[in-house]
S.K.: 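Structure incoming, see below.
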There are 2 protein chains.
Amino acid sequence: MRSIGALGKATNTKVETIRYYERIGLLAPPQRTDGNYRTYDDEALARLSFIRRSRDLGFSLDQVRALLSLTDQGTQDCKTVDRIARDHMAEIERKIADLIALRHELSTMIESCGGGNISECRIIEALSPFDN
Amino acid sequence: MRSIGALGKATNTKVETIRYYERIGLLAPPQRTDGNYRTYDDEALARLSFIRRSRDLGFSLDQVRALLSLTDQGTQDCKTVDRIARDHMAEIERKIADLIALRHELSTMIESCGGGNISECRIIEALSPFDN
DNA sequence: CTTGACCCTGTAGTTGCTACAGGGAGCATA
DNA sequence: TATGCTCCCTGTAGCAACTACAGGGTCAAG
Ligand SMILES: [Zn+2]
Ligand SMILES: [Zn+2]
Ligand SMILES: [Zn+2]
Ligand SMILES: [Zn+2]
């Protein structure tokens with residue numbers, strides 16, 4: 001049994017974040033001490049670790065919730081899990097492609113700037129409509 | 001002169017977003033008709049286009065605000081503009097690198113899943129702590 | 001004169017936290 | 001016992017950048 005602060009240190013999570021996860025139903029309300037302090041067992045530690053690792057991999061809290069409930073139910077097969085992971089991966093791919101396109105646009109813009117007065121800065125021009 | 005709806009269509013911006021930009025001081029309060037409708041001139045159209053293009057390129061509203069005030073002032077030279085653009089570019093590069101690392105982790109995880117019962121799904125295992 | 005498309009203000013919701021404010025608990029030290 | 005100090009409690013509000021109502025008013029067409 002450990003306090004919320006100890007759990008936070010063990011999982012690299014702020015205390016407020018842990019309470020937030022409890023509030024939104026991602027973590028079960030833990031037992032309390034006589035002084036009304038939360039105490040966490042190893043299962044809670046494992047669960048929070050799972051959540052944090054999933055978050056680090058970019059899954060949304062809703063996706064994490066889904067993954068948790070699938071493991072809780074011990075569902076027959078892992079098709080849904082795979083589905084969630086693959087969907088997320090596709091989203092990451094899209095983001096990468098978007099950002100690479102963006103980088104290209106930005107670098108073209110930046111390279112065109114020769115310094116000097118702002119009224120002839122190519123960056124500003126590139127951002128402005130009705131170029132002339 | 002055009003209505004807020006027309007301006008929205010011309011710049012691919014939702015009406016609520018335009019009002020939001022006004023509220024936070026990014027767009028000046030426009031003139032009003034007798035019936036209290038906002039009306040926008042070409043300058044407002046140009047300004048909103050600039051904002052939208054900057055946003056599409058991923059600049060934050062604070063950065064957009066800075067870019068706008070620099071052009072408004074007709075500042076001597078464009079050093080600050082270039083600085084903002086380069087900072088943003090560096091941020092994009094960081095995001096790309098992060099996402100590529102993420103994609104690698106995710107794809108390793110996903111490929112390891114052979115289908116079957118969730119209790120032996122490698123995705124879940126990869127997310128769980130204390131692997132054994 | 002009614003219908004429908006548009007506009008108005010003001011407020012609250014979204015995501016995933018983070019930061020107080022204003023108190024209580026628990027332990028060590030003087 | 002008193003005084004700190006660190007931790008914990010609840011509840012609320014803030015961040016970015018919108019988005020979505022609710023409950024009305026305006027205006028042109030038919
Ligand atoms: Zn995702
Ligand atoms: Zn320049
Ligand atoms: Zn940026
Ligand atoms: Zn699997």
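In what follows, every chain begins at residue 1, and chains take the letters A, B, ... in the order their sequences are listed.
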S.K.: Just how far, in rounded Å, is P of C:dT14 from CD1 of A:I24?
M.R.: 12 Å
S.K.: For A:D34 and A:K14, take the nucleotide of DNA chain C holding the closest heavy atom to each; which residue's nucleotide lies nearer the 5' end?
M.R.: A:K14
S.K.: Starting the side chain at C-beta, find the nucleotide from C:dC17, C:dG26, C:dC7 nearest to A:Y37.
M.R.: C:dG26
S.K.: Specify the closest pair of heavy atoms between A:R47 and A:L26, including all atoms of both residues, with the distance to one decimal.
M.R.: NE-O, 3.4 Å
S.K.: Does B:I100 share a hydrophobic cluster with B:L102, counting links as ILVMFWY side-chain heavy atoms below 4.5 Å and allowing steps through other members?
M.R.: yes
S.K.: Looking for any heavy atom pair under 4.0 Å, which part of the strands does A:I4 touch: base, sugar-phosphate only, or nothing?
M.R.: sugar-phosphate
S.K.: In whole angstroms, how far is the C1' atom of C:dT14 from the CG atom of A:D62?
M.R.: 11 Å
S.K.: If we ignore angles and hydrogens, is there a donor and acceptor under 3.5 Å between the side chains of A:N117 and A:S119?
M.R.: yes
S.K.: Measure the distance from CD on A:E22 to P on C:dC17 and round it to the nearest whole Å.
M.R.: 15 Å
S.K.: Identify whether any heavy atom of B:R19 sits under 4.0 Å from a base atom; if not, whether one sits that close to sugar-phosphate; answer base, sugar-phosphate or nothing.
M.R.: base
S.K.: Let me know the distance between CG of A:N36 and P of C:dG26, rounded to the nearest Å.
M.R.: 10 Å
S.K.: Distance check needed: C:dG16 P versus A:L27 CG, whole Å only.
M.R.: 15 Å
S.K.: Considering every strand and a 4.0 Å limit on heavy-atom distances, what is the contact class for A:S3: base, sugar-phosphate, or nothing?
M.R.: sugar-phosphate
S.K.: Reading DNA chain D in the 5' to 3' direction, which nucleotide is the first one with an atom under 4.0 Å from a heavy atom of chain B, and which is the last?
M.R.: D:dA17 to D:dC27
S.K.: Look at the side-chain heavy atoms of Ile, Leu, Val, Met, Phe, Trp and Tyr, link any pair under 4.5 Å apart, and say whether A:Y37 and A:Y21 land in one connected group.
M.R.: no
S.K.: Should A:Y21 be listed as having a side-chain N or O under 4.0 Å from OP1 or OP2 of C:dC17?
M.R.: yes
S.K.: For B:Y40 and C:dC6, what is the distance between atoms OH and C1' respectively, to the nearest whole Å?
M.R.: 14 Å
S.K.: Any idea which heavy atoms bring A:V15 and A:G5 closest together, and the distance?
M.R.: CG2-CA, 4.0 Å
S.K.: Examine C:dA25: is either OP1 or OP2 under 4.0 Å from a nitrogen or oxygen in the side chain of A:T33? Give yes or no.
M.R.: no
S.K.: Output the rounded distance in Å from CZ (B:R23) to P (C:dT11).
M.R.: 11 Å
S.K.: B:R52 and side chain to side chain donor-acceptor pair (under 3.5 Å): which partner among B:T17, B:N12, B:T13?
M.R.: B:T13
S.K.: With side-chain contact (heavy atoms from CB on, under 4.5 Å) as the test, would you mind laying out the steps for B:T71 and A:L127 before giving the verdict?
M.R.: CA-CA 11 Å; B:T71 59; A:L127 289 170; over 6 Å; no
